[in-house]
Amino acid sequence: MQPTEIKLISEPLISPKIQMGDVTADIARPTERRPSKLWLALLGLSMACMGVGVVVVYYNVTVGLGINGWNHPVMWGVYITNFVFWIGIGHAGTLISAILFLLRQRWRTSINRSAEAMTIFAVICAGLFPVLHIGRAWIAYWVFPYPNERLLWVNFRSPLVWDVFAISTYFTISLLFWYQGLIPDFATLRDKATTAIRKKIYGLLSLGWTGSVRDWNHYEKAYLLFAGLATPLVLSVHSIVSMDFAVSLLPGWHSTIFPPYFVAGAIFSGMAMVVTLLVVMRKFFNLQEYITINHLEYMNKIILVTSLMVGYAYLVEFFIAWYSENPFERYTFWSRATGDYAWAFWIMFICNVVVPHIFWFKKMRRHLPVMFIVSILVNVGMWLERFVIIVTSLHRDYIPSNWAYYKPRLPDIGITLASFGLFFTLFLLFARFFPTVSMAEIKGVLGHFSGSKNKSKEKDQRGQN
């Protein structure tokens, strides 16, 4: 037996009260009952925030991008900040689903479904910003390489094209991986449906699943294949996004530490968002026996480790700026800590480096209010990290006559609010109509635990005999 399996058997990640027959009823219950008033209120609030974005997009398209607070040195502004932030949020889902699956970590089974859904919705939010910032959103298809009558081809040296390939590949694999895992659960909901319309919809989504040995063989092979394809994307996608900055000659961006630094930050912020969602969802849908404190503690440990990586990257950036003796690099980083945007830098530093150290204490790692507050502060800090990297490097470039102070206007704030509205709208709909925990995998883990217990009992009986 492998050491990881011994650890999993000795630490009950799922409540021992759960019986095999309870899994379907408990997890399917939110999809069957009428929506609560709280769920409707949250959905209405999220859609109202999304409506603000519709107004901003309308004015961006009809009036122009000048309504935003952009100026000559600082272009994109919070648009690229939101783009990088949402791409980072989507990395935790792939880490939990793909990498931990390949490492045979069974504690992922209760949280992978929600994390995968979060990945899909975060990438959707991120993909909107490159389309919006070009001004003429209706010609965004020009960045896709395809034979056309204009005899034009995309410029593969452009970071914008790199983003198109990274986002489209990541979204496609993540969507297929997420849907593949849902197929057995859709079949369960189909068989459990009491109305014709629900049986028809879930029947179409289950793709004719019967639960036969052949179905399970194909399912496991496909799931393993998608996990293998998704794993390198965790490292490559945000590395490509970081190269949007690193390939430039701008002080503060031209750095080789950006790819690993951005990947660690993406997992850091993504894990924090998963904790934020699960702390609320497990209480809202009465899933405490499936999403236990042990699951949340494991994720808090990952948050602590990636916080150390991010803090190390911050210090290395300042050290390299000093050690290089480049006056432009030195000025950029000194300006970050003491200049016009020092407030953003120090809030970022406190939220990302100082606050997560509370997770050194086991009591704090298992304290729900503490982990909820820390996860929110981490995401505030990670959003400000992208803002600091982008704005502080642009607002003071090589030519002093170009210097200007960037201040977000109402459209910038509105589009940021709308991106969160879109994300939470999609997640609330997912939690209402889809199983938020994988029923098939939970049953597999219960079978593994019960099988292990039976084997241990048989060994004890043989020893006594």
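As the structure is a computational prediction, the values presented were derived from the model and not from experiment.
Here F420 and F423 keep their ring centres 6.0 angstrom or further from each other. Aromatic ring centres of H238 and F262 lie closer together than 6.0 Å. Between F156 and W162, a ring centre-to-centre spacing not shorter than 6.0 Å is recorded.
Side-chain atoms of R282 do not come within 3.5 Å of backbone N or O of L287 as any donor-acceptor pair. Checking side-chain atoms of Y179 against main-chain N and O of L205 turns up a donor-acceptor pair under 3.5 Å. Proximity of a side-chain donor or acceptor of W403 to a complementary backbone N or O of H395 within less than 3.5 Å is not detected. Side-chain atoms of H133 come within 3.5 Å of backbone atoms of P130 as a donor-acceptor pair (strictly under, hydrogens ignored). Panel note: side chain S393, backbone I390; no donor-acceptor pair is recorded below 3.5 Å.
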* Would you please test W209 and Y219 for ring pair (Phe, Tyr, Trp, His ring centres under 6.0 Å) and show each step? => CA-CA 10 Å; W209 177 274; Y219 170 84; 5.8 Å; yes

* Evaluate the side-chain contact (heavy atoms from CB on, under 4.5 Å) criterion for residues N82 and W383: first the C-alpha distance (whole Å), next the side-chain angles of each, then the deciding distance (0.1 Å), finally the verdict. => CA-CA 7 Å; N82 290 324; W383 191 93; 2.7 Å; yes

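Q180 and H218 get closest at one heavy-atom pair: NE2-O, 4.5 Å.
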Review item, side-chain donor-acceptor pairs of residues 167-176, under 3.5 Å, at least two apart:
residue	atom	partner	partner atom	Å
S168	OG	V164	O	2.7
S168	OG	F165	O	3.2
T169	OG1	F165	O	2.7
Y170	OH	G90	O	2.7
Y170	OH	T94	OG1	2.7
T172	OG1	S168	O	2.7
S174	OG	Y170	O	2.8

Report, one line per pair, each donor and acceptor closer than 3.5 Å where one atom sits in a side chain of residues 310-319; sequence neighbours left out.
residue	atom	partner	partner atom	Å
Y314	OH	N352	ND2	3.0
Y314	OH	E385	OE1	2.6

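Y341 pairs in a ring-ring contact (aromatic ring centres under 6.0 Å, His included) with only one of the listed residues (F333, Y405, Y406), which is Y405.
We find that D185 and R113 are joined by a salt bridge, their nearest charged nitrogen and carboxylate oxygen being less than 4.0 Å apart.
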